[in-house]
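A short write-up of the structure that comes next.
Nothing fancy with the numbering, it's 1 onward along the sequence. Only this structure's heavy atoms are used, side chains among them; waters, hydrogens and symmetry mates stay out. Order of appearance sets the numbers: ligands from 1, and atoms from 1 within every ligand.
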Amino acid sequence: MAATDTTIEAGTEAEADLGAQYRIVEAVVTRAVRISPSLMRITFGGEQLREGLRSGGRDQSLTIFFPRPGEDIPLVPLEFDEGWYGRWRALPLGRRAIMRSYTVRSQDPVSRELDVDFVLHGEHGSAPSGPAAAWAADAAPGDRVMLLGPALAANRSIAFLPPPDATRIILAADETALPAVGGILEALPAGTPVQAWVEVPDVGDLQQIATAADAEVAWLVRQPGGRPGTAVAEAVRAAMPDVDDLAYVWIAGEAGLVRTLRRHFVRDLGLDRSRVAFTGYWRLGATEEQLRTEREAGAGR
Ligand SMILES: Cc1cc2nc3c(=O)[nH]c(=O)nc-3n(C[C@H](O)[C@H](O)[C@H](O)COP(=O)(O)OP(=O)(O)OC[C@H]3O[C@@H](n4cnc5c(N)ncnc54)[C@H](O)[C@@H]3O)c2cc1C
């Protein structure tokens, strides 16, 4: 699915400094607000989070562990090192926590509370809901999760890394990557030329994002029953029949959208692959467990 996989994977070359870069902390829901038809903003706080996690901004990702039905707190090995993933896998399947990847939309510099925007898929159209979206839909203050996230603002779970000579930034995203687009636009220096395309399920999901960059954001509202990502992929291809060699492209969202646009920029337009950051955030018809299992099988071949 993603060549630039920014989720935290034990068993990769990042192992050497995993313990220093990441922490597993308990987090408590302090607020749950439906910010738009498809998005629920959950604010996480708590002592361990305040002491332990530091977001680097932009598209900072983290891993959230949700409790199983009937459990209060998710079951996760607490010490994060190179053996962590093996210990997690060794827990009984029906007991170990449900693991999902999300983006830090923002972190309050004083309270250190984190906002995460969850897409409530399954409420619109045909796609089934999953445990993370269902958890977010019902979340209330006091609910607890475990977070595996960055202990240092400089960490490897940020994919948006434009080279210093980038003349223009191009962003393409669906609604799962809208939080990342928000974080990126807020972080960019004044005057940076940006063209962004964001596809959302509902016109009510359009957002005002504060940015000092010189940004043009094109919003695409999916047709009912439309395949996620198709509208944004078509719009970007139509708008960009060529591209500046020094542009930097960042693509995230449903796997088909990511594949189509990466191919467009790298193969069809000849942009150097180091200038195209791409991350599949989900795939239509597959749960995150299925995607992880596929990746592990691929890595073992
Ligand atoms: C680095 C990274 C950052 C991410 N950041 C965010 C974020 O900030 N906000 C966010 O909402 N998501 C984000 N995602 C995507 C999120 O992890 C997936 O959507 C995840 O599958 C949701 O888990 P679930 O338990 O709800 O569904 P799963 O159990 O994983 O999947 C159940 C079914 O729902 C489908 N499905 C999953 N997601 C969607 C969707 N969005 N729309 C329609 N159908 C879907 C699946 O294809 C499957 O058929 C991110 C993913 C990555 C890798």
Side-chain angles (χ1 to χ4, degrees), residues 1-9 34-44 55-69 74 97-107 114-139 145 147-150 155-160 173-184 198-202 205 207 222 224-230 232 250-258 277-295:
M1 133 129 159
T4 311
D5 192 345
T6 55
T7 53
I8 303 149
E9 300 284 354
R34 183 83 173 241
I35 56 167
S36 75
S38 311
L39 286 173
M40 189 78 170
R41 177 162 296 165
I42 307 288
T43 305
F44 293 105
S55 170
R58 294 160 282 167
D59 59 343
Q60 174 74 65
S61 61
L62 84 175
T63 303
I64 308 183
F65 299 93
F66 303 94
R68 299 241 162 220
I98 296 158
M99 175 176 5
R100 294 288 183 268
S101 306
Y102 280 86
T103 304
V104 177
R105 173 62 186 85
S106 62
Q107 182 170 31
L114 289 181
D115 282 346
V116 177
D117 290 354
F118 288 76
V119 174
L120 300 175
H121 63 93
E123 296 201 349
H124 299 269
S126 55
S129 191
W135 177 89
D138 289 341
V145 296
L147 303 178
L148 166 49
N155 63 79
R156 298 183 191 205
S157 301
I158 296 169
F160 182 82
D174 68 10
E175 64 273 28
T176 60
L178 172 55
V181 169
I184 290 169
V198 184
E199 178 179 319
V200 290
D202 192 291
D205 294 320
Q207 296 183 2
R222 189 176 304 137
R227 194 186 196 288
T230 307
V232 75
W250 176 94
I251 310 162
E254 202 280 327
L257 140 73
V258 172
F278 63 101
T279 311
Y281 275 14
W282 64 286
R283 193 169 79 206
L284 196 60
T287 65
E288 191 166 321
E289 280 89 20
Q290 289 168 324
L291 297 173
R292 281 179 189 275
T293 307
E294 275 179 24
R295 275 206 297 273

Test Gln290 against Arg283 for side-chain contact (heavy atoms from CB on, under 4.5 Å), laying out the working first. CA-CA 10 Å; Gln290 289 168 324; Arg283 193 169 79 206; over 6 Å; no
Where do Asp205 and Glu175 land on the side-chain contact (heavy atoms from CB on, under 4.5 Å) test, with the steps shown first? CA-CA 8 Å; Asp205 294 320; Glu175 64 273 28; 5.9 Å; no
side-chain contact (heavy atoms from CB on, under 4.5 Å) between Ser106 and Arg41, intermediate numbers included: CA-CA 11 Å; Ser106 62; Arg41 177 162 296 165; over 6 Å; no
Could you go through the side-chain contact (heavy atoms from CB on, under 4.5 Å) check for Leu178 and Asp117 one step at a time? CA-CA 9 Å; Leu178 172 55; Asp117 290 354; over 6 Å; no
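Shown in contact with Ala133 at under 4.0 Å from a heavy atom are these atoms of ligand 1, numbered in order with element: 26 (O). Counting atoms of ligand 1 from 1 in the listed order, those under 4.0 Å from a heavy atom of Gly285 are 47 (O), 49 (O). Ligand-side atoms of ligand 1 in range of Pro131: 25 (O), 29 (O), range being under 4.0 angstrom from any heavy atom. Those atoms of ligand 1 that come under 4.0 Å of a heavy atom in Arg100, given as number and element, are 23 (O), 24 (P), 25 (O), 28 (P), 29 (O), 30 (O). Per-residue contacts place Ala132 under 4.0 angstrom from the following atoms of ligand 1 (heavy atoms of the residue considered): 23 (O), 24 (P), 25 (O), 26 (O). Close approach of ligand 1 to Phe118 is summarised as follows: ligand atoms under 4.0 Å from at least one heavy atom of the residue are 11 (O).
The part of Arg283 lying near ligand 1 is the backbone, judged by heavy-atom distances below 4.0 Å. Of the heavy atoms in Pro179, only side-chain atoms (C-beta onward) come closer than 4.0 Å to ligand 1. At a heavy-atom distance under 4.0 Å, atoms from both the backbone and the side chain of Glu288 approach ligand 1. By the criterion of a heavy-atom distance under 4.0 Å, the backbone of Ala286, and not its side chain, is placed next to ligand 1. Residue contacts with ligand 1, taken as heavy atom pairs separated by less than 4.0 Å, involve Leu284 solely via the backbone atoms N, CA, C and O.
In this structure, Arg222 CZ and Asp202 CG are separated by 10.5 Å, a value rounded to the nearest 0.5 Å.
Note: no N/O pair closer than 3.5 Å links Glu175 and ligand 1 by distance alone. Close N/O approach between Ser101 and ligand 1 is found [any backbone or side-chain N/O within under 3.5 Å]. For ligand 1, one of its N or O atoms has an N or O atom of His121 under 3.5 Å away. Between Val116 and ligand 1, no N or O atom pair is found at a separation short of 3.5 Å. At a 3.5 angstrom cut-off on N or O pairs, Ser61 does not count as close to ligand 1.
Salt-bridge check for Glu289 with Arg100: passed, with a basic side-chain N closer than 4.0 Å to an acidic carboxylate O.
With distances taken over non-hydrogen atoms, the option nearest atom 22 (C) of ligand 1 out of Trp282, Phe66, Tyr281, Tyr102 is Tyr102. For atom 5 (N) of ligand 1, the nearest non-hydrogen atom from the set Ile64, Thr103, Asp117, Thr287 comes from Thr103.
Asn155 approaches Pro150 most closely through the heavy-atom pair ND2-CB, 3.2 Å. Taking all atoms of both residues into account, the shortest heavy-atom contact from Val232 to Glu199 is N-OE1, 2.9 Å.
Side-chain contact between Leu284 and Pro228: present, with at least one pair of heavy atoms (C-beta onward) separated by less than 4.5 Å. A heavy-atom distance below 4.5 Å is found between the side chains of Trp135 and Ile42.
Relative ring orientation between Trp282 and His121 is described as parallel, the plane-to-plane angle staying below 30° on a 0-90° scale split at 30° and 60°.
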